[in-house]
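Everything below concerns the one structure shown next.
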Amino acid sequence: MTDPVLRIENLTVEIRTRTGVAPVIDDLSFRVDTGRTLALVGESGCGKSMTALAIMGLLPRGIGRIVRGSILLGAEDLATTSPARMRSIRGNEIGMIFQEPMTSLNPVYSVGEQISEVLRAHQGMGRKAAWSMAIELLDAVHIPNPSLRVSDYPFQMSGGQRQRVMIAIALACRPRVLIADEPTTALDVTVQAQIFDLLKDLQRDTGTAIILITHDMGAVTEMADEMIVMYAGRMAEAGPVEAVISRPRHPYTRGLISCVPHLGAIVDDDRPLLTEIPGIVPGLGQFGQDRCLFASRCELSDSHCRSARPAAYAITDGHSAACWQAGGAA
Amino acid sequence: MTDMANHDATTTPRPRHPAVEAFEMFTRNLSAIVGLVLLMLIILGAFLGPMLYPTDPFEMVWAPFTPPGQEGFLLGTDYLGRDLLAALLNGARVTLLVGASAALLSVCIGVTVGALSGYYSGFVEEALMRVTEFFQVLPTLLFCMVIVALFGTSLHMIVLAIGVVSWTGVARIARSEVMRIKQLEYVLAARASGATHSQIILFTILPNAMPPIIVQATLMVGSAILFEASLSFLGLTDPNVVSWGQVIGANRQYILDSSFAVTIPGLAIFVTVLAISLIGDGLNDALNPKLRRR
Amino acid sequence: MTGPECRDVLLGVRNLSVHFRLRRGGLFGSRVTLRAVDDISFDVRRGSTLAIVGESGSGKTTTALAVARLIEPSAGQVMLAGHDLSTLDDAGLRRCRAEMQFIFQDPYSSLNPRLRAEDIVREPLRNLAANRQDRTGEGVESLFQAVGLRPEQRRLFPHQFSGGQRQRIGIARALASNPSLIICDEPVSALDVAVQAQILNLLRRLQAERDLTFLFISHDLGVVQYMCDDVAVMYMGKIVELAARRDLFESPRHPYTQSLLSAVPAVDPSRRGLARRALVQGDPSDPVNPPRGCRFASRCPMVRDICRTAEPRLTEVSPGHKVSCFAVAPGSEAVTACSPA
């Protein structure tokens with residue numbers, strides 16, 4: 001924990017809606033270290049994808065903007081850097097893979113052209129060198145017969161293979177940080193397991209730090225070292241995965257873990273009803289209010305929760321929860 | 001436990017029909033409103049005008065080629081000395097009626113053909129598409145002239161001729177919409193709940209396919225008006241009624257002597273078609289779900 | 001399918017096949033046959049849940065649609081409470097639809113956006129009313145209550161509801177004609193995790209209250225384990241394993257089932273590393289041109305010579321537990337008829 005590649009400090013991002021301005025990311029801080037994986041977890045609309053876009057400098061223009069805080073890649077603050085510099089950082093120092101491998105590749109170019117395009121743009125490689133590098137990369141992401149498949153078009157590949165190509169493109173320039181936004185949500189479980197293995201192997205070889213965005217607690221335990229549970233744009237709970245999963249202190253984290261029917265080691269005959277988190281996530285209009293935004297869905301909430309925003313309560317080293325009840329609860 | 005969904009509704013919005021939203025969207029569009037106001041004025045003129053200005057458009061009232069504004073004739077007289085204002089007001093009704101009913105006819109044909117060929121696959125689809133293609137490659141104006149020349153120049157026949165040659169665009173749109181909608185799950189749901197094919201087409205698919213068809217139908221009114229003008233210009237028109245195209249056609253030989261007798265009805269056609277196009281574009285924006293919620 | 005003592009079978013499927021004729025390679029391409037569902041049989045007992053689990057392309061959704069005759073099966077029988085659905089004409093089928101309803105995957109596209117919630121729920125009643133004078137359907141209000149919606153929401157349009165609420169409307173619609181069988185096609189996969197739990201609990205509660213029988217289609221083994229009594233695992237149009245819930249999850253026999261179970265990321269620390277990676281490599285083979293013999297052979301860690309030449313058949317390995325694999329069920333070797341691809 002000595003060398004953070006990426007440090008986010010007090011990041012606040014606002015987007016403009018029809019009704020007003022809402023902080024979709026509200027005072028978020030975290031760090032990712034070389035060779036480590038951080039998971040951002042939460043339901044849709046909690047701000048996890050928006051965080052990725054903010055880091056990439058891809059917030060929708062005129063709608064979203066960073067109002068406070070910094071995104072430090074090494075010593076450089078991406079929150080204030082120029083668009084030109086941001087373009088050379090994207091794909092070069094920060095790579096990104098997306099949820100939908102069907103639409104994130106351009107259908108009219110072969111995968112080899114798409115990989116070598118990135119290499120030529122960022123590394124100044126020649127056409128030939130980039131092409132043979134593309135073959136090497138396809139081999140690295142375990143695509144069989146890479147020298148033949150390199151001239152295939154996306155439609156000739158399966159979903160899993162396309163996601164492998166996306167990973168090859170994202171890792172082509174050996175980025176310091178890889179952002180994976182729900183990389184396996186559209187894939188089958190056996191393919192998901194293959195992709196996770198691949199990402200872990202590549203991380204071991206290259207030392208890339210990974211930010212994994214997901215809603216699946218299983219994927220978190222499988223892949224990540226640290227995790228942040230986000231709710232309504234705010235950090236709800238953060239810490240090492242082991243600690244958070246085995247001893248969650250925020251009621252939302254507890255709910256997220258127990259509301260999903262997990263495969264257990266023992267299959268019982270009696271199946272108690274799943275724990276429900278009642279209701280749905282708050283609308284954008286409620287973001288940024290000075291109270292616990294989870295209070296309306298929380299069984300532990302009291303008047304204090306509804307009148308003041310909870311600060312992060314440190315439980316152990318590195319494990320903290322933003323909950324007024326976290327101090328007392330076991 | 002049954003009340004847990006009550007937390008689900010953080011707010012209970014009041015019921016708003018999608019059409020209401022589309023209407024609000026439409027009213028926020030300035031050019032569409034301009035078009036609507038223009039068209040309203042034209043319709044008003046067409047139906048109230050002849051009552052307020054009861055001059056017979058076929059009667060020779062003054063010397064030919066009286067320029068506008070002289071001798072008390074606001075728009076002047078034509079080559080036979082007939083009042084152009086009277087012709088314009090009386091012609092408006094015919095022009096609009098022919099345009100609207102021809103558009104209606106072609107929408108009816110187009111939606112029927114399009115919906116059937118989009119919903120059913122196999123023989124029905126193939127046959128209907130071949131028919132559509134046949135009508136698409138016809139030289140439309142020529143075909144219209146042939147129909148009118150063969151079966152007479154009554155207004156009904158003109159409406160029929162325009163309708164018959166111009167439905168293919170609607171059919172294409174209806175077909176692609178129906179094909180898109182029929183694979184949505186709510187159509188499957190309707191089948192699972194026992195709806196018959198005709199119920200599904202009429203009550204489930206078509207209402208959802210209407211927005212682009214409505215837009216197309218609006219634009220069709222404009223093109224039908226132009227079509228009618230072309231036919232009348234060529235003399236293929238009911239001699240017992242006056243329409244704008246007919247006025248242009250009758251005065252075309254004297255365009256150098258009295259250009260106003262041609263330009264004034266021409267301007268009327270232009271403004272009407274423009275107003276309808278503006279409305280069509282406004283409807284397109286209002287009904288197109290992709291533009292909504294911007 | 002758990003033995004001869006369970007005679008009260010509500011839904012029986014026999015040798016069901018769905019083949020699609022496809023044109024390959026543009027306008028002049030040759031026509032090929034995609035065997036989306038290939039000769040499968042299973043029973044669902046009254047009041048129980050059979051889950052069909054499989055990955056994309058396994059044919060599980062096609063099976064569901066073919067059982068409901070929302071697509072036409074190419075061969076086979078579907079028996080609902082003793083009636084053979086496959087021989088019914090359109091009118092007869094519509095009468096039977098009251099007994100058999102469907103819950104769809106996508107709560108956004110499965111509700112007609114132009115209808116109010118109450119009209120959506122009423123749709124089956126309206127369509128089936130002419131055929132069913134004997135039983136007047138349940139009122140919309142009580143249906144809304146049953147699925148946890150407030151009656152005053154009945155006049156709203158679908159876009160005014162959240163995803164979870166929309167799925168509740170879909171469930172209310174399925175309940176409206178008082179069916180005995182409900183086919184649930186991935187009913188929670190489009191929903192957020194917290195909402196999934198609400199819907200799954202609701203389905204379980206409704207099943208208990210109304211003695212419903214579910215045919216439950218899912219790719220999510222956790223959800224299947226929570227919902228079902230019996231499980232059928234499908235791979236490329238075939239059922240490869242069919243067993244009671246505990247048998248399947250405690251002692252999966254087919255190598256594909258084993259790899260599927262081991263691929264699910266474990267939150268439970270005691271399960272982690274337990275069956276770690278009986279993982280298969282590669283992708284499923286081309287569904288249009290499946291290999292001769294067992295369709296899993298190209299990825300199977302236990303593959304033998306016979307697997308590449310003959311097709312295994314579902315064979316009982318222990319009471320109620322059937323597997324279609326030469327390596328696991330020795331009896332299946334006797335049958336070697338291999339259908340030409």
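Protein chains get the first letters and strands the later ones, always in sequence-line order, with residue 1 at the start of each. Model, not experiment: these values are computed from the prediction.
Here Lys60(C) does not pair with Glu55(C) in a salt bridge; the nearest charged N to carboxylate O distance is not below 4.0 Å. Between Arg36(A) and Glu226(A), at least one side-chain nitrogen of the basic residue sits less than 4.0 Å from a carboxylate oxygen of the acidic one, meeting the salt-bridge criterion.
If you measure heavy-atom distances from Leu187(A) to chain C, you find no contacts under 4.5 Å at all. With a 4.5 Å cut-off on non-hydrogen atoms, Thr275(A) touches chain C through its backbone but not through its side chain. With a 4.5 angstrom heavy-atom cutoff, Leu200(C) touches chain A only via side-chain atoms. Looking at Gln192(A), the atoms closer than 4.5 Å to chain C (heavy atoms on both sides) all sit in the side chain, from C-beta outward.
The shortest side-chain heavy-atom distance between Pro282(A) and Phe294(A) does not fall under the 4.5 Å cut-off. Looking at heavy atoms from C-beta onward, Leu212(C) lies in side-chain contact with Phe214(C) at the 4.5 angstrom threshold.
When the options Val111(A), Leu137(A), Val165(A) are evaluated for a side-chain contact (heavy atoms from CB on, under 4.5 Å) with Ile143(A), the one that passes is Val165(A).
Using modelled atom types, one finds no donor on one side chain facing an acceptor on the other under 3.5 Å when comparing Gln99(A) with Thr185(A). Between Arg297(A) and Tyr231(A), the side chains place a donor N or O and an acceptor N or O closer than 3.5 Å (distance only, hydrogens not considered).
Using a 4.5 Å heavy-atom cut-off against chain C, the contacting residues of residues 145-161 of chain A are Ser158(A), Gln161(A).
Geometrically, Arg204(C) engages Tyr226(C) in a cation-pi contact, judged by NZ or CZ lying under 6.0 Å from the ring centre and within 45° of the ring axis.
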